[in-house]
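These notes concern the structure reproduced below.
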There are 2 protein chains.
Amino acid sequence: MYEVFQKYLEDKTTLTQSESDYIQSFAIIKKLRKRQYLLQEGDIWKYDAFITKGCLRTYSVDEKGSEHVNSFSIENWWTGDRESLMFQQPSRFNIDAIEDSELVLFTHENFEMLCNEIPAFNNMVNAILQKSFIAAQNRIQASLSFTAEEKYLNFIAKYPGFASRIPQTMIASYLGMTPETLSRIRKQTAKK
Amino acid sequence: MYEVFQKYLEDKTTLTQSESDYIQSFAIIKKLRKRQYLLQEGDIWKYDAFITKGCLRTYSVDEKGSEHVNSFSIENWWTGDRESLMFQQPSRFNIDAIEDSELVLFTHENFEMLCNEIPAFNNMVNAILQKSFIAAQNRIQASLSFTAEEKYLNFIAKYPGFASRIPQTMIASYLGMTPETLSRIRKQTAKK
DNA sequence: GCAGACTCTTGATCTATATCAAGTTTTTAC
DNA sequence: GTAAAAACTTGATATAGATCAAGAGTCTGC
């Protein structure tokens with residue numbers, strides 16, 4: 001499955017053959033079964049992780065025991081906990097696989113070294129971060145100004161295909177509503 | 001007021017005198033009166049902006065005409081619209097001054113050039129972006145899992161000093177609640 | 001292929017927060 | 001310094017969405 005990542009790199013940046021090979025030499029392939037954890041609350045996250053296949057979710061559990069889905073990540077996206085990584089502190093999140101998945105991991109040490117040695121790689125990484133930040137801003141925006149129905153419609157417009165892969169309960173949690181509410185919204189919008 | 005930015009740079013990174021001077025040579029000083037816009041909806045944002053004095057707010061207006069405060073930024077922080085900047089598209093946001101303010105602006109062209117020419121500067125900029133992303137994630141987290149009261153308490157704990165500078169109406173909007181609700185929460189929590 | 005466990009749906013009821021309205025206090029502008 | 005405009009408070013009422021509960025579908029493991 002490393003080809004998926006290689007293709008992604010070709011798409012997003014321009015590397016010489018030797019740079020590309022060099023990057024590959026640090027890659028760690030990781031397979032996850034459905035339900036398997038990539039990261040558990042309390043662990044310190046130490047990688048940069050790219051998904052070549054499957055679908056993962058990042059969520060936290062509050063004091064009342066309710067789960068809150070922070071994000072979904074599918075093939076050709078990155079995942080992990082930047083806060084835990086940056087400050088080397090125990091994570092407040094869990095990341096697990098919604099489907100059988102495959103990832104390409106780099107230890108953060110190696111990843112930073114690659115960023116320093118290969119400017120094109122560094123630029124790509126920064127561009128991704130910028131886009132992630134913009135996406136986060138837009139999500140905040142949506143959570144402040146949208147009704148439950150608008151949130152759902154915005155979600156399926158923005159991430160078509162997700163709705164069919166991910167259980168509704170998790171989507172509801174991601175959107176900040178109960179599964180019952182989402183079920184009713186889906187019923188209503190189906191009518192129209 | 002440029003000294004404030006200079007001090008910030010010294011704090012966050014290590015530059016030679018000539019690098020520091022070089023950066024300064026591209027700086028544009030901008031003063032804003034209270035209520036004055038830095039950016040209006042529909043404009044294309046073209047700068048990287050650092051606040052040396054004062055307080056600004058970024059907000060959007062929805063179809064019903066309600067304002068939604070996206071963020072506050074004070075001295076020693078950055079502001080702007082990354083989405084408009086990155087894609088050179090009309091902004092959905094307004095940014096205006098809550099207090100008389102002063103900023104250091106760089107055109108994005110110059111800013112990128114500085115990033116390319118001065119690695120230490122580039123690293124600093126990336127670190128800021130990382131932290132901004134982490135803050136955005138935490139805010140999403142809060143908006144999903146906190147009650148109105150918890151959101152307010154979290155806000156004043158995280159940004160002490162903001163509450164006294166910023167009108168409650170705007171804080172309420174930032175937290176995703178009505179001014180009336182915030183007023184009642186403040187009354188309750190004052191009692192305790 | 002079946003039992004148990006999830007997941008989704010639907011209905012009844014409840015509740016946190018919104019909305020509307022009016023009064024009070026603070027700020028702004030001349 | 002004063003009048004008008006904003007900002008904040010408080011009360012009464014409304015409502016979107018939560019919670020509780022029970023039944024119907026679907027998946028999963030042996």
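All chains are named by letter (A, B, ...) in the order of the sequence lines, taking the proteins before the strands, and each is independently numbered beginning at 1. Worth knowing before you read on, the calculation uses all heavy atoms, side chains too, and leaves out hydrogens, waters and symmetry mates. This is a predicted model, so every value here is computed, not measured.
Look at CG on A:Leu144: it is 15 Å from C1' on C:dA18, rounded to the nearest Å. Look at CD1 on B:Ile98: it is 13 Å from P on C:dT28, rounded to the nearest Å. Rounded to an integer number of Å, the gap from B:Ile166 CD1 to D:dC8 C1' is 16 Å. Atom C1' of nucleotide C:dT27 and atom CZ of B:Arg33 are separated by 17 Å, given to the nearest angstrom. B:Arg57 places its CZ atom 13 Å from the C1' atom of D:dA7, with the value rounded to the nearest Å. Taking atom CZ of B:Arg165 as the reference point, atom C1' of C:dT27 lies 18 Å away to the nearest angstrom.
To the nearest 0.5 angstrom, B:Ser20 atom OG is 4.5 Å from B:Gln6 atom CD. A distance of 12.5 Å separates CZ of B:Arg82 from CZ of B:Phe93, quoted to the nearest 0.5 Å. Rounding to the nearest 0.5 angstrom, the gap separating the CG atom in B:Leu39 from the CG atom in B:Asn94 is 7.0 Å. For the atom pair CG (B:Leu129) and OG (A:Ser132), the distance works out to 8.5 Å, reported to the nearest 0.5 Å.
Each of B:Glu63, B:Glu41, B:Glu83 was checked for a salt bridge (charged side-chain N to carboxylate O under 4.0 Å, His left out) with B:Arg92, and the lone residue meeting it is B:Glu83. For the ring pair (Phe, Tyr, Trp, His ring centres under 6.0 Å) with A:Phe106, the qualifying choice from A:Tyr47, A:Phe5, A:Phe50 is A:Phe5, the only one to do so.
Between A:Thr107 and A:Lys46 there is no side-chain heavy-atom pair separated by less than 4.5 Å.
For A:Lys34, the side-chain atoms get nearest to D:dT28 when compared with the rest of C:dC8, D:dT28, D:dC8.
Within residues 150-157 of chain B, no residue has any heavy atom closer than 4.0 Å to DNA chain C.
Note: B:Tyr174 and B:Phe155 have tilted aromatic rings, judged against thresholds of 30 and 60 degrees for the angle between ring planes.
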**Request:** Give the B/S/- string for nucleotides 16-21 of chain D, one per nucleotide from 5' to 3', where a protein heavy atom under 4.0 Å of the base yields B, of only the sugar-phosphate yields S, and otherwise -.
**Result:** -SSBBB
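Taking only side-chain nitrogens and oxygens, A:Ser183 never comes nearer than 4.0 Å to OP1 or OP2 of C:dT10. Proximity of B:Lys187 to the phosphate of D:dT10: a side-chain N or O atom is located under 4.0 Å from OP1 or OP2.
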**Request:** Take B:Arg57 and B:Asp96 through the test salt bridge (Lys or Arg N to Asp or Glu O under 4.0 Å) and record every step on the way to the result.
**Result:** CA-CA 6 Å; B:Arg57 108 224 218 232; B:Asp96 66 6; 2.9 Å; yes
